[in-house]
Amino acid sequence: MIRNKEFTRLCNLSKNFLKKRPTLSNLGNPFLFIVSAHPFILSRYKSIDSKKINFIFYFKYIVQLIVNLIKIKLFIIKLIFTTNYLSINKNFKKGSITVSHLINSENFKKNIDIQFGGIEKEIEKNKTIFFYLNHINIGNKSWIDSTKTKKNFIINNNCIELSTYKKIIRNIIREFYLLLKKVKKTNNNFEKKFYLGCAEYLFSLSTIKNIILFYNLEKLIIKKKITYIVITLEGHPYEHLIFLLGRIHKIKVFAYQTTYITKNHFSIFLNLGKNFLPTKFLANGKIGYDILRTKFDTRKVVLLGSNKYKKKLSIKKIDNSNCLVIPTGLESESMELLKLCYECLKKEKDLNCKFILRLHPQIDRFNFIKKNQTLLKNEKRIEISNSKLIDDIHSCKFALYGASSVVVEAVQQGLIPIHFYDKRNNFEYDPLWQLKPKVIIKNSNELIKILKRKASYNQKIILKYTNFANNFYKPVNYKKLREIF
């Protein structure tokens, strides 16, 4: 298990290596960008420790390397038979690019962007190209035509010319051998394993896709004479590649903070020098704004705000113990919270409470219900939501969450947050980590106790929670928004 000392060491090794060798191969390598101390992120580094490297370690390592190489070869088939889908007005020139994520087909059809939350609509449609990172493998011509969208866009299916693909692989091989030399030079087992991990991930499709994105964007910048780029800010490798594109082609890059920030986030604060920084950091609220100003030049940080800021609505007082369950986009977390709720109701059969599980847009609702149909049939007090967020919030008293920032919107409307703390993790990944005191549970028994004592939460406590949440996001400053875009 990775602890604070090891986490700090990993972050320092990553930062120092990237500063010395900020090549495209390394800037695209997800192993070098430790987004946060969330268990899902840290699972990449579980084999890194100070123990002596034995035969089993090398055997597993070589097997994984072979698997990666096979995937790289098979990827050529995709390059031959698929393309990126483009729908751009042929007269488009001297506009901008908005880089976003295609994670839900229905949201795309309805022109909903949960990353930017609506601020992207302030950019005139005919003056920007939406460049979508395709996370759901949808983007064939018939599906796109059925959406009837009129905006300029590209769905990046990670396709590129074979000649450029070969160039990417050659550069990765060169970087791979340099890393192996570094492994041979060091006698420290922790560092050896770290550099071996870097070398392994160089040959991952994730690295290659990040570099393909770089070249696809560069081609678009040159062809369409792009003047600025708007991207999300979360700490992923491709963000730093886009910062570099901005510097190379002398265009502005605006990075909009879309994630919450804790003290255990790392690569979102990574400063590799002026060539790898955006023109401006756009904060979505006061909390993020204050943190970003401690990490970067204060003149580069702008408090832009977010449409996720919602004033508390006056509604009929809720007199129940209903609980809104809010997982992240990880299916494993959704499953864990679902089982927690099921255990709770199984132990306390007379509990007057309904759990409303609101799945992340990235998770397929139909498939999730199908996988858990036995459990859901046995317990009618668990409901998979298909309603609007605000309707779910208004029907509940509590909000159970792990690492989802949607809890902020629930707390803004007066719900009582219940944080499920995973005892297997040593690090802080709670979006409301600065809110104290608050309810923290570790198992179903503790959850039952909280739900039973709803009357102990008076308006003074709820008002304190609401005031905190109102600093998390701030209303969009449209004057600044129009100055920027």
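- Each of L359, V325, N372 was checked for a side chain to side chain contact (heavy atoms under 4.5 Å, CB included) with L338, and the lone residue meeting it is N372.
- Every pair passing side-chain hydrogen bond (donor to acceptor under 3.5 Å, both in side chains) that includes a residue from residues 476-485 is listed here, sequence neighbours excluded: N307-Y478.
- One side chain, N134 or N157, offers a donor N or O that lies under 3.5 Å from an acceptor on the other.
- No side-chain heavy atom of S96 sits under 4.5 Å from any side-chain heavy atom of V230.
- There is no side-chain donor-acceptor pair under 3.5 Å between N320 and K354.
- If you check the side chains of K474 and S306, you find no donor sitting under 3.5 Å from an acceptor.
- Classified by interplanar angle (parallel below 30°, tilted 30° to 60°, perpendicular above 60°), the ring pair H135/H101 is parallel.
- For R358 (side chain) and I384 (main-chain N/O), no donor-acceptor pair under 3.5 Å exists by modelled atom type.
- Counting all heavy atoms, side chain and backbone alike, S14 lies closest to F33 at OG-N, 4.4 Å.
- Checking Y401 against D430 by side-chain atom types alone, a donor-acceptor pair falls below 3.5 Å.
- Rounded to the nearest 0.5 Å, atoms CG (L220) and CG (L86) are 7.5 Å apart.
- When the side-chain contact (heavy atoms from CB on, under 4.5 Å) test is applied to K19, the partners found at least two apart in sequence or on another chain are K15, L272.
- Counting only N and O atoms by type, the side chains of T328 and S404 include no donor and acceptor under 3.5 Å apart.
- Although no hydrogens or angles enter the test, the distance criterion places a donor-acceptor pair under 3.5 Å between the side chain of K438 and the main chain of L432.
- Of all the heavy atoms in D392 and S387, the pair that sits closest is OD1-CB, 3.6 Å.
- Using a 4.0 Å cut-off between charged side-chain N and carboxylate O, D290 and K286 make a salt bridge.
- Ring orientation note: the planes of F108 and F153 are nearly perpendicular, at an angle over 60° on the 30°/60° scale.
- Partners of T82 by side-chain contact (heavy atoms from CB on, under 4.5 Å), not counting sequence neighbours, listed by chain and number: K78, C159.
- The pair K121-D113 does not count as a salt bridge, with every side-chain nitrogen at least 4.0 angstrom from each carboxylate oxygen.
- Looking at K452 and E348, a side-chain N of the basic residue comes within less than 4.0 Å of a carboxylate O on the acidic one, giving a salt bridge.
- At distances below 3.5 Å, at least one donor-acceptor pair connects side-chain atoms of T207 with backbone N or O atoms of Y201.
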